[in-house]
Structures are given as structure tokens and as C-alpha cells.
Amino acid sequence: MITRVRFGPSPTGYLHIGSARTALFNYLYARHTGGKFLLRIEDTDLARSTEESTRSILDGLAWLELDHDEEIVFQSDNADKHRATAKKLLAEGKAYRDFTPKAAPSDANVKDAIKDRARAAQGEKNMRDNLYRDLSAAESDERAAAGEPFAIRLKVAETGKTSFEDAVYGIQERDYAETEDLVLLRSDGHPLYNLAVVCDDIEMAITHVIRGQDHITNTHKQVLIYEALGVTPPTFAHLPLIMAPNKGKLSKRKHGEVVSMTTYRDAGFLAAAFRNFLALLGWSAGEEKEIYSLDELVQKFSLDGIHRSNAVFNFTENDPRKWTDDKAQWMNAEYIRTVPVADLLPFVKAELKSAKLWREEYEPEGRALTETISSTADAGADERPAGVAIDTPEHGSYDWLVQTINLIRQRFFTLKDFSMQGRAYFSEDYDFDPAAIEKNLSKFPDLKSWLPELADRFEAEFPDEEVDALQKPTREQGRNLQFTEENIEIVVKAFTEEKGTKLGVIMNGARTLLTGVAVGPSML
RNA sequence: GUCCGGUUCGUCUAGGGGUUAGGACACCGCCCUUUCACGGCGGCAACACGGGUUCAAAUCCCGUACCGGAUACCA
């Protein structure tokens with residue numbers, strides 16, 4: 001039997017980090033088993049569902065590259081089928097009409113009202129004391145025909161228990177006494193969540209339901225519906241929850257943008273890095289390894305590796321450095337500097353484009369950015385074999401771009417850094433960091449004349465260096481120097497001694513003047 | 001309240017009868033670097049508590065505490 005899983009977000013907000021992880025686990029399980037990953041928008045609560053939210057969720061999934069199979073199912077489209085199912089259960093005597101007038105929804109805090117009510121009941125409540133539970137079919141039909149409004153409730157047996165074997169939490173049991181005669185169809189005719197989910201899961205032939213642990217109680221109710229329908233329930237796998245640093249609920253209300261997937265996209269995170277981070281929140285392959293490609297995740301993912309305890313998503317409000325989880329930040333930086341340039345290039349391009357720093361020359365005709373890049377260009381880092389003349393591709397060329405990225409990405413954390421910290425590499429129009437100026441320029445007033453002087457010196461020592469670097473005589477033989485790291489060092493050191501200053505002063509001053517920031521590749 | 005679940009360094013976690021309780025992030029130090037990072041090396045730091053079972057318990061059982069979830073004509 002082919003595995004079929006579904007991710008069923010309700011479109012009442014953006015893609016939350018917890019939902020994103022649920023989606024990821026569903027995706028990984030489907031791909032691991034060679035099954036299907038389906039998407040179902042659970043929009044039965046039309047009062048709260050918005051199209052904007054649906055779009056935002058779809059955007060988030062697209063960003064994470066969790067492509068779904070088959071058509072997206074909108075639960076609201078199936079309302080008629082849900083109603084038909086409720087009526088069938090009614091006809092079979094497995095459900096009944098409840099003519100109790102609908103309670104006015106408490107306006108303030110629904111959740112609190114429910115908790116208060118539950119506390120007040122102190123567990124003394126008899127879940128089967130509904131007046132209409134045993135109304136004769138004839139009388140029920142009659143009242144309905146007379147136009148009296150009613151909800152349809154499932155008739156839960158007096159004694160017994162629901163049970164299912166959760167792939168993560170093991171055998172789960174719940175006495176019927178704990179479960180109310182749940183409402184299937186509202187008095188206004190709208191199908192409710194549990195009914196809708198069961199109907200759709202059956203119709204979509206879902207084999208594994210992977211969702212948050214907060215649904216365990218719903219699962220018991222859904223098992224009841226499956227039983228009433230005479231359908232074997234799918235396998236359930238409940239996931240531990242992702243908590244806020246205080247181990248409380250992670251919510252938009254309280255924690256703001258840190259919980260939204262779009263925040264990470266906009267902050268310059270690589271989807272691959274964030275996916276990797278998310279995968280390790282509540283799941284482990286049982287090995288000492290942190291970096292996993294999507295393929296590896298797919299290959300190693302299993303329901304057995306899912307934890308039973310909640311995980312804390314760690315961040316510190318009001319600390320810009322720790323605005324989100326340290327490990328997520330580290331992982332992103334790790335990806336930025338180690339991923340093959342070819343994989344990084346498209347993202348850098350997008351970033352530069354949005355910052356209006358992109359030039360068409362970077363991408364020569366007929367050569368896609370993702371194309372394999374020459375091995376020399378891929379050599380990463382600022383390290384270069386000693387004694388080899390520095391090959392400086394034409395500024396603005398494709399090769400120049402690749403080398404530049406390799407040079408600067410070593411100290412970057414997000415894609416944003418390419419247009420912020422690294423702006424000077426792509427444009428003459430960049431800002432100066434006041435702290436960097438203070439630290440590296442203002443303190444040494446002499447730099448004002450030294451730096452231009454050094455520039456002249458370079459020009460004199462390395463004339464025309466881009467044209468024919470390798471042909472040039474070395475210093476021993478004549479005037480001009482080969483443009484190598486060693487020779488640059490000779491020139492700069494000589495200059496430094498001449499001025500009676502330290503190398504660091506010159507290097508740092510030059511970097512700050514040239515790039516506007518204090519951080520950057522070495523001059524030598 | 002009731003039902004369900006959980007508890008290993010600050011955080012993510014490995015380990016599930018005998019381990020110096022391992023790794024990662026964060027933090028601190030040293031090295032590398034005449035910058036900042038990267039990197040390398042090292043340090044700090046954990047089995048919630050109490051009872052059992054056992055030659056032996058972080059690991060199995062029970063209880064307590066604490067944390068979380070659920071308890072709608074929301075999803």
C-alpha cells in the first residue's frame with residue numbers, strides 16, 4: 001500500500017514554525033516511503049479563514065521547497081459530503097439531533113471560558129445526559145420538519161474506550177466517559193472539524209496522519225467517527241510541540257515575527273538551512289551529525305526517531321544578536337559558507353537584485369548561474385596557493401562574481417549580508433559604519449595622506465597587472481613586480497616601515513575606506 | 001478540576017541496566033591571523049526528586065514535584 005500523508009493547515013495566519021515542521025515531517029515521511037505528500041487547506045471555519053493566509057502558507061511551503069503531490073484540497077469544497085455523512089450517521093441511529101439552543105459564544109476569551117466551565121464541572125459531568133440523545137426518531141423527525149434548529153451529535157456509547165496505537169506515543173486509550181457526544185454538524189448546517197477531517201482523510205485515502213500532539217484528544221474523537229462509519233482509521237503519529245523559551249506557547253500574539261516562516265525568508269535564510277534546523281527539532285537520526293541535506297533527511301527520516309518531549313525554540317527578545325534560535329543562525333551561516341557556490345549563486349543573485357546591485361554582465365548569455373563552475377573559481381576562502389599570480393578576472397564578470405562571493409561569504413551569516421556588509425564589493429555607493437571609521441581611520445589622522453600614497457605606490461609597482469601578470473619580471477630582475485600575495489606584502493611592509501607605523505593600521509584603514517566596514521577579507 | 005503526555009548541560013540532543021554520561025549551538029580561554037571571521041585546541045555545564053527491583057539504575061517499576069497539551073455548535 002502506498003503511503004499517503006497530508007498537511008492540513010487552517011488558513012488563519014501565516015505559516016507558523018510549528019506547522020512548518022509538521023509539514024516537513026509529513027513531507028519527509030512521504031518521500032522516505034515513496035508515498036504522496038498531499039496538501040489540504042482546512043478552511044471550515046469560514047469566519048476566520050482568509051485567502052491571504054492561504055497564500056502566505058503556500059508561500060512558506062514553496063520557500064521551504066516542500067512540494068506537494070496532487071491538487072490542493074480545500075476542505076470547504078467538501079462541505080456537502082460532510083453533511084451527507086452526518087445525515088447518514090443520523091439515519092443509522094449513530095448520531096442524533098440536539099435541539100438545545102446554541103449557547104451564545106462568549107465574546108471575551110473563548111478558551112478561558114471553556115476552561116472555567118470545565119473546572120466548574122470538576123469532572124462530575126455526565127457526558128451522556130443530553131435530553132435529546134434518546135428522543136424517538138419519529139419525534140426527532142417531526143421537530144426537524146417543523147423547522148426547529150438542531151445540531152447533529154455523535155452518539156457515543158455509554159461504556160467502553162477509544163484506543164489507537166500512536167507511532168510516536170504508543171498505545172493511547174481514553175474512556176468514553178471522557179468524551180462528549182461531539183457535534184458533527186452545527187445547527188446552521190456547517191460541518192465541524194473532526195467530521196470534516198475524517199471524511200476527507202477517508203476520501204483522500206490517507207494512510208498516516210502526522211500532526212501536532214495537541215490533536216491527541218481530537219484523534220480519540222475521530223476514532224469514534226471512523227468506528228461509526230465502519231472504516232479502519234489510518235496510522236496516527238503525533239508530534240511533540242515547539243515551545244517558547246519560557247516553555248509556554250509560541251504564538252504570534254506574544255512572540256511576533258520569530259514564529260513566521262516568511263520572517264526567515266526575508267531575513268536572508270537559506271531554505272535548506274532552515275529545513276535542516278527544523279528537522280532536528282523533535283527528531284533525531286540517533287547519530288552525532290548536524291548537517292543534513294534534503295536527500296539525507298529523506299533517506300534517514302523515520303517515525304521512530306520522533307521524540308515525545310516538547311522542544312524549546314530558543315531566542316531572546318530585545319537582543320538583536322539572539323533574535324532567533326542560535327542554532328538556526330549558526331546553521332544558516334554554515335550553509336552560506338560551505339554550500340557549493342553554484343547552489344548559492346541563485347540566492348545571491350536574488351538578493352543583489354532586490355538591493356539593485358545586480359548587473360547583467362554577471363550572468364553571461366547562455367550560461368545559467370547554476371551551471372557547474374570552473375574548479376579554480378570554486379576554490380573557496382581567501383586561501384590561495386603561495387607564489388601563484390593572482391588571477392583577477394574582469395571586474396563585473398561572471399568569474400569575478402564567483403571569486404568575490406567565495407572571498408566574502410566566509411564571514412557572512414545570511415543572504416542579507418551580501419547586500420549590506422558586502423555592498424561595497426558590488427557598488428561604489430555604500431555607507432560607512434561609524435564605529436569602523438572611529439576604530440580604523442579617525443584614530444590615525446596620517447592615513448588621510450598615507451592611503452592615497454599607498455594607492456599610487458601600488459599603481460607604480462604593479463602597472464597593468466591585469467593584462468599580463470605572469471609575463472612580468474620579478475623585482476630581482478627589474479622594476480616591476482608580479483602581482484602576488486608575497487609581493488603585495490613586500491610593498492605594503494616597506495611602506496609601513498617607511499612611515500614608521502604598524503601593518504595593522506594600514507590594512508584596517510584601507511579596508512574600512514574601501515568597504516565601509518571593519519570586517520572583511522585580509523589585504524594580504 | 002479531570003484526562004493525556006513529558007522531564008539528560010542554558011538550548012537542541014545521543015545513550016535506554018555496568019559509559020570518565022557523548023555531540024552540536026551558545027558562552028569563556030588559548031592558538032592561527034598585525035583586522036574581523038573561519039578553523040584548530042581546551043574549558044564551563046546535565047540524568048527533576050523520593051522509594052523500590054537488581055550484584056549493578058540516567059536507563060526498569062511506583063509515587064511526588066514541576067512543565068506541557070486537551071477539555072467548543074474553533075481548528
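Naming convention: chains lettered A, B, ... in sequence-line order (proteins, then strands); numbering from 1 in each chain. Please read these numbers as outputs of a predicted model, since none were measured by experiment.
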Trainee: Would you please name every residue forming a side chain to side chain donor-acceptor pair (under 3.5 Å) with Glu52(A), sequence neighbours left out?
Mentor: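 Expected list: none.
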
Trainee: So for Asn218(A) and A75(B), does any side-chain atom that can act as donor or acceptor lie under 3.5 Å from a complementary atom in the base?
Mentor: yes

Trainee: Compare side-chain N and O positions of Arg321(A) against OP1 and OP2 of C27(B) and report whether any pair is under 4.0 Å apart.
Mentor: yes

Trainee: Which part of the nucleic acid, if any, lies within contact of Pro149(A), taking any heavy atom under 4.0 Å across all strands shown: a base, the sugar-phosphate backbone alone, or nothing?
Mentor: nothing

Trainee: Both distances below 3.5 Å, Watson-Crick or wobble geometry, any strand: find the nucleotide opposite A14(B).
Mentor: none

Trainee: If you count every heavy atom of other residues, nucleotides or ligands that lies below 6.0 Å from Met243(A) atom CE, does the total exceed 12?
Mentor: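 Buried by this count: over 12 neighbours within 6.0 Å.
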
Trainee: When rounded to the nearest Å, what value does the distance between P atoms of A75(B) and C28(B) take?
Mentor: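 Here A75(B) and C28(B) have their P atoms 49 Å from each other.
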
Trainee: Distance check needed: A75(B) P versus Leu182(A) CG, whole Å only.
Mentor: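 These atoms are roughly 12 Å apart.
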
Trainee: Could I get the full list of side chain to side chain contact (heavy atoms under 4.5 Å, CB included) partners for Thr496(A), not counting sequence neighbours?
Mentor: Val492(A), Thr501(A), Leu503(A), Ile506(A)

Trainee: Under 4.0 Å between a Lys/Arg side-chain N and an Asp/Glu carboxylate O for Lys155(A) and Asp181(A)?
Mentor: no

Trainee: For C12(B), does either OP1 or OP2 sit under 4.0 Å from a side-chain N or O belonging to His307(A)?
Mentor: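 Answer no for this pair, as no side-chain N or O of His307(A) is under 4.0 Å from OP1 or OP2.
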
Trainee: If the P atom of C60(B) is compared with that of G17(B), how far apart are they to the nearest Å?
Mentor: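 The answer is 7 Å between these two P atoms.
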
Trainee: Specify the separation, in whole Å, of atom CZ of Arg174(A) and atom C1' of C4(B).
Mentor: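 After rounding, the reported distance stands at 7 Å.
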
Trainee: My understanding is that only residues two or more places apart in sequence, or in another chain, count here; which of them pass side chain to side chain donor-acceptor pair (under 3.5 Å) with Glu287(A)?
Mentor: Tyr292(A), Lys300(A)

Trainee: With a cut-off of under 6.0 Å to the ring centre and 45° to the axis, is Arg143(A) in cation-pi contact with Phe99(A)?
Mentor: yes

Trainee: From the list C12(B), C74(B), A26(B), which nucleotide is the closest neighbour of the side chain of Arg48(A)?
Mentor: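 Selected nucleotide (nearest to the side chain): C74(B).
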
Trainee: Side chain of Ser309(A) only, heavy atoms from C-beta on: which candidate in A70(B), C27(B), U7(B) is closest?
Mentor: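 Given the options A70(B), C27(B), U7(B), the side chain of Ser309(A) is closest to U7(B).
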
Trainee: Using a 4.0 Å heavy-atom cut-off to protein, can you give one letter per nucleotide of nucleotides 62-68 of chain B, 5' to 3': B if the base is in contact, S if only the sugar-phosphate is, - if neither?
Mentor: -----SS

Trainee: Shorter than 3.5 Å, N or O on both sides, protein versus nucleotides 15-21 of chain B: list them out with atom names.
Mentor:
none

Trainee: Can you identify which nucleotide, out of U11(B), G23(B), A37(B), has its nearest atom closest to the Val312(A) side chain?
Mentor: U11(B)

Trainee: Specify the residue among Thr496(A) and Ile216(A) whose closest nucleotide of RNA chain B lies further upstream toward the 5′ end.
Mentor: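 Looking at the nearest nucleotide for each, Ile216(A) comes out on the 5' side.
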
Trainee: When you check the gap from the basic side-chain N to the acidic O, do Lys221(A) and Glu180(A) get nearer than 4.0 Å?
Mentor: yes

Trainee: Where does C25(B) land, syn or anti, once you apply the within-90°-of-0 test for syn?
Mentor: anti

Trainee: Side-chain donor or acceptor of Arg337(A) under 3.5 Å from a matching atom on the base of C38(B)?
Mentor: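 Checked by distance alone, the answer is no.
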
Trainee: Considering only side-chain heavy atoms of Lys502(A), which listed nucleotide, A26(B), U34(B), A75(B), is closest?
Mentor: U34(B)

Trainee: Only pairs with both distances under 3.5 Å count, Watson-Crick or wobble alike; so what is the partner of C9(B) in this structure?
Mentor: none

Trainee: Let me spell it out: for each of Asp326(A) and Asn440(A), pick the nucleotide of RNA chain B with the closest heavy atom. Which residue's pick is nearer the 5' end?
Mentor: Asp326(A)

Trainee: Report the nucleotide, chosen from U11(B), C27(B), A75(B), that has the shortest atom-to-atom distance to any side-chain atom of Lys322(A).
Mentor: C27(B)

Trainee: Atom NZ of residue position Lys289(A) - does it have more than 12 heavy atoms of other residues, nucleotides or ligands inside 6.0 Å?
Mentor: yes

Trainee: When the distance from CZ of Phe313(A) to P of C25(B) is rounded to whole Å, what number comes out?
Mentor: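 Spelled out: CZ on Phe313(A) to P on C25(B) is 17 Å.
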
Trainee: Just wondering, more than 12 heavy atoms not from Asp319(A) lying within 6.0 Å of its CG?
Mentor: yes

Trainee: Considering only atom C1', compute the distance from C31(B) to A46(B) and round it to an integer number of Å.
Mentor: 29 Å

Trainee: Does Thr263(A) have any side chain to side chain contact (heavy atoms under 4.5 Å, CB included) partners at least two apart in sequence or in another chain, and if so, which?
Mentor: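 Thr263(A) satisfies side chain to side chain contact (heavy atoms under 4.5 Å, CB included) with Glu257(A), Ser260(A), Trp323(A) once adjacent residues are dropped.
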
Trainee: What is the distance, to the nearest angstrom, from the NZ atom on Lys439(A) to the P atom on U35(B)?
Mentor: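 The answer, rounded to whole Å, is 10 Å.
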
Trainee: Tell me, please, which residues at least two apart from His255(A) pass side chain to side chain contact (heavy atoms under 4.5 Å, CB included).
Mentor: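 His255(A) satisfies side chain to side chain contact (heavy atoms under 4.5 Å, CB included) with Ala244(A), Leu250(A), Ser251(A), Val258(A), Val259(A), Phe315(A), Glu317(A) only.
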
Trainee: Consider the side chain of Glu290(A), meaning its heavy atoms from C-beta on, and name the nucleotide among G5(B), C36(B), A24(B) that approaches it most closely.
Mentor: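 The closest nucleotide is A24(B).
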
Trainee: Mind running salt bridge (Lys or Arg N to Asp or Glu O under 4.0 Å) on Asp325(A) and Lys327(A) for me, showing each step along the way?
Mentor: CA-CA 5 Å; Asp325(A) 198 287; Lys327(A) 205 156 191 173; over 6 Å; no

Trainee: Tell me the closest heavy-atom pair linking Pro11(A) and Ile57(A), and the distance in Å.
Mentor: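 Between these two residues, the closest heavy atoms are CA-CD1, 3.9 Å.
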
Trainee: Does any pair with a residue in residues 162-171 of chain A pass salt bridge (charged side-chain N to carboxylate O under 4.0 Å, His left out), and if so which ones, sequence neighbours excluded?
Mentor: none

Trainee: Return a table of donor-acceptor pairs under 3.5 angstrom between the side chains of residues 436-447 of chain A and protein atoms on other chains or two or more places apart.
Mentor:
{"unit_1": "Asn440(A)", "atom_1": "ND2", "unit_2": "Thr512(A)", "atom_2": "OG1", "d": "2.9"}
{"unit_1": "Ser442(A)", "atom_1": "OG", "unit_2": "Ile437(A)", "atom_2": "O", "d": "3.3"}

Trainee: Side chain of Thr217(A): nearest nucleotide among U35(B), A14(B), A70(B)?
Mentor: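 Nearest to the side-chain atoms of Thr217(A), counting from C-beta on, is A70(B).
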
Trainee: Given the ring of Phe150(A), does Arg97(A) sit roughly above its face, with NZ or CZ under 6.0 Å from the centre of the six-membered ring and within 45° of the axis?
Mentor: yes

Trainee: Using whole Å, what does the distance between atom P of nucleotide G23(B) and atom CD of Glu287(A) come to?
Mentor: 16 Å

Trainee: May I ask you to say what Thr512(A) touches in the nucleic acid, namely base, sugar-phosphate or nothing, with a heavy-atom cut-off under 4.0 Å?
Mentor: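 Here Thr512(A) touches no strand at all.
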
Trainee: Using the P atom on both, measure C3(B) against C9(B) and round to a whole Å.
Mentor: 29 Å

Trainee: Is there a residue in residues 273-282 of chain A whose heavy atoms reach under 4.0 Å of RNA chain B, and which residues are they?
Mentor: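 Those residues are Leu280(A), Leu281(A), Gly282(A).
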
Trainee: Identify, residue by residue, the members of residues 183-199 of chain A with a heavy atom below 4.0 Å from RNA chain B, and return them in order of residue number, or none.
Mentor: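 Of all residues in residues 183-199 of chain A, the ones placing a heavy atom under 4.0 Å from RNA chain B are Val183(A), Arg186(A), Ser187(A), Leu192(A), Tyr193(A).
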
Trainee: What interatomic distance, in whole Å, is found between C1' of C25(B) and the corresponding atom of U2(B)?
Mentor: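 Each nucleotide's C1' atom is 40 Å from the other's.
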
Trainee: Taking atom C1' of U71(B) as reference, at what distance in whole Å does atom CG of Asp181(A) sit?
Mentor: 15 Å

Trainee: Scan residues 76-85 of chain A for pairs that pass salt bridge (charged side-chain N to carboxylate O under 4.0 Å, His left out), counting only residues two or more places apart or in two chains.
Mentor: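 Listed once each, the pairs are Asp80(A)-Arg83(A), Lys81(A)-Glu203(A).
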
